[in-house]
Amino acid sequence: MTQPPSQQPPQGGFGAPQDPPQGNPQPTAPGQPPQGQPPAQPPQMPAAPPTPPPPAQPGYGYPQAPGQAPGYGYPQQPGPYNQPGPYGQQPGPYGQQPGPYAQQPGPYGQQPQPGYGYPQQQYPGAPVPGGPGGTGGGSPFKGKPAVIIGAAVAAAIVVAGGVFLATSGGDDDKKPDARASTDGKAPSGSPSFDEGDGNGDGRPADDDLNAGRKPGEAKVLWLQKNDVDLPRNGADVYGPWVVGDTVVKGMYRAVSGYSVADGKQKWTLKLPADMCAAPSQTTADGKIVIGVKNGTTDKADCSDLQMIDLNTGKAGWKKSIKKNGIWDMMSDISLAISGDTVTVGRTSNSNAYRVSDGKELFGKPAGNCQPFAFAGGPKLIAASSCRTDDIDNPQHQIQEIDPATGKPKWTYRPARGWEIDRVYSVSPLVVSLTQSEKKKWSILAIKENGTLRSQLVGDKGDKFAPDCGSAFAIFGKSLDGCVGVAADANTFYMATEPDSSGTARTNKVVAFNLNTGKPKWKAAAPAEQTVKPLRMEGGNVLLYVEAGYNKGGGIATLAPTGGAPKMLLRHPESTSQIESSFYNAKIVYADGRSFIASGRVSASNDKEELETKTMMAFGK
């Protein structure tokens with residue numbers, strides 16, 4: 001195993017988010033960097049100073065607010081495109097004057113840190129009764145210790161300024177981690193299928209939805225409405241996952257599979273308690289392991305694992321996570337799948353099980369550094385926090401590990417003070433790091449052998465806001481599952497934050513050379529629309545073109561050399577208002593069909609709740 005010392009990312013960088021990175025505060029437990037090897041030499045810092053962005057959109061760990069407000073006791077938050085200014089400069093190495101960050105709601109005070117993974121900072125943004133736009137629903141922190149309430153929050157990072165942080169100087173400039181639900185009534189039985197009015201659960205396309213379809217536009221295959229009586233604060237939606245001819249999503253106390261062709265329910269698996277965690281992807285043969293609460297009271301923990309075959313809806317093995325130490329299970333869990341392995345990350349412990357039979361493969365490693373989250377896919381990446389003598393100056397590390405044994409293949413340590421925030425791609429490896437109190441952000445590319453490849457440095461003026469989910473949680477952290485980003489062997493693609501001009505919101509995709517960290521080209525979205533990279537598809541970047549004002553969305557591709565997006569599936573203009581109404585929409589494209597699912601279902605009352613549109617499908 002290769003274990004380099006504290007490898008400092010380049011000084012200088014991608015700019016500072018205006019709000020601190022509001023992904024959950026992650027473990028910064030007390031470890032010293034390996035000795036005996038010199039630190040990596042960073043390249044030169046960029047010449048341009050950072051330009052702070054608008055205030056951060058609620059992100060991972062908190063529903064983002066696009067089309068319509070969730071309501072019904074769920075606090076509404078302004079999105080990144082309607083935030084008030086000003087966009088003052090962040091203090092930094094370029095002689096800029098301090099900006100107006102003191103005006104941001106705080107506090108960002110330090111919290112006690114009893115052990116591994118105990119939250120270090122207090123972040124703003126946690127839903128509370130009577131919050132902005134909310135109706136004062138129940139608190140998601142019921143049954144949790146008061147210290148957790150004081151330290152918890154969740155939201156994703158919005159970054160601007162055009163440059164990934166790169167600062168130089170003393171210790172302050174060294175370089176470089178959520179879900180809740182409340183109890184309510186059990187879900188109803190199998191949904192009824194509305195075959196006539198275009199608003200039923202899983203109905204085939206009819207004249208109501210396709211009457212206005214123009215030549216060249218896709219068909220609306222079906223549209224679903226919610227049929228589950230949810231708790232007062234609503235519930236997060238997990239998935240969707242497409243497995244063969246079935247599209248699957250989980251919510252509250254059920255996981256359900258629907259026909260991709262007509263949306264009719266094929267199966268439903270009822271759960272004994274709230275669904276509380278899920279990986280972003282399944283195994284190659286369509287199996288998944290989800291998290292389920294171990295009871296229906298306010299004190300229940302997200303500690304039960306349930307394997308499900310999504311092809312059939314049949315439940316497989318079930319296990320309860322064993323509590324390991326006093327601080328274990330103080331956070332929600334995060335799940336990731338790589339091959340036949342599912343990992344369970346949390347603030348002070350980790351476990352891994354074989355998906356096929358539930359056998360435990362590995363657990364908490366020895367030593368001062370403990371994994372708190374994993375990213376899955378073709379490789380298994382672990383993010384760890386190491387014990388240090390200064391809680392204000394954390395030491396994180398990232399490793400590629402063997403999915404069968406948990407043994408590291410290599411270890412990369414960023415400089416002290418930098419926390420691993422997200423993994424945008426596991427192969428090639430592209431990692432987001434933050435310094436939350438200093439409102440700094442950096443993106444690093446790591447080589448196959450675990451050494452630094454490059455640090456991304458963007459152009460001044462470009463602002464970025466990767467979409468990393470919406471599930472609210474207490475200290476839990478999912479590393480993967482972000483959209484708005486994609487990568488191939490030598491290029492990283494990321495969408496800019498939209499520019500607003502009346503109804504003409506638009507943005508672009510910026511391609512970065514992973515060997516140099518510098519931008520290669522920029523490609524504009526279709527006029528008056530925005531685009532969001534989903535993944536790579538046949539050597540091209542697969543994009544979701546978001547529905548705009550009287551403009552249908554769609555699926556497009558972008559060549560690795562840039563240019564104009566090429567539409568694969570153009571959604572009807574006549575249904576653009578429905579398409580854009582999905583809350584924190586999740587997009588999946590498979591076999592020529594696109595699926596849009598709401599990321600959370602909630603409403604101001606029971607009647608509206610049952611009228612909420614939850615999933616829509618388009619095809620040719």
> Consider side-chain contact (heavy atoms from CB on, under 4.5 Å). Of T557, T491, D488, which one does M536 pass it with?
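Among T557, T491, D488, the one meeting side-chain contact (heavy atoms from CB on, under 4.5 Å) with M536 is D488.
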> Does a side chain donor of either T506 or E528 reach within less than 3.5 Å of an acceptor in the other side chain?
no
> Is the ring pair F492/F512 parallel, tilted or perpendicular, if the boundaries are 30 and 60 degrees?
tilted
> Inspect the contact between R535 and E537 and indicate whether a charged nitrogen and a carboxylate oxygen are less than 4.0 angstrom apart.
yes
> For the pair K214 and E573, find out whether any cationic side-chain nitrogen is under 4.0 Å from an anionic carboxylate oxygen.
yes
> Are the charged groups of D499 and K463 less than 4.0 angstrom apart, N to O?
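Result for this pair is no, no salt bridge flagged.
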> Any salt bridge between K551 and E579, counting N to O under 4.0 Å?
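No, this pair does not count.
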> May I have the step-by-step check of side chain to side chain donor-acceptor pair (under 3.5 Å) for S594 and H571, ending in yes or no?
CA-CA 9 Å; S594 59; H571 299 165; 2.7 Å; yes
> Any ion pair linking D285 and K287 (charged N to carboxylate O, less than 4.0 Å)?
yes
> How about P240 and V248: do any of their side-chain heavy atoms sit closer than 4.5 Å?
no
> For W521 and A559, which heavy atoms make the closest approach, and how far apart are they?
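Closest approach of W521 to A559, heavy atoms only: CZ2-O, 3.7 Å.
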> Is it true that the side chains of S256 and K249 contain a donor and an acceptor less than 3.5 Å apart?
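Result is no, nothing qualifies.
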> Does a side-chain N-to-carboxylate-O contact under 4.0 Å join K532 and D467?
yes
> Can you confirm whether the side chains of N226 and T612 place a donor and an acceptor under 3.5 Å from each other?
no
> Within the 3.5 Å criterion, strictly below it, is a donor on T268 or Q265 matched to an acceptor on the partner's side chain?
yes
> Would you kindly say whether S303 and N294 are connected by a side-chain donor-acceptor distance under 3.5 Å?
yes
> Would you say the side chain of P533 lies within less than 4.5 Å of the side chain of V485, judging by non-hydrogen atoms?
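The answer is no, as the side chains (C-beta and beyond) never meet within the 4.5 Å cut-off.
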> Between the side chains of R600 and D236, is the shortest nitrogen-to-carboxylate-oxygen separation below 4.0 Å, so that they form an ion pair?
yes
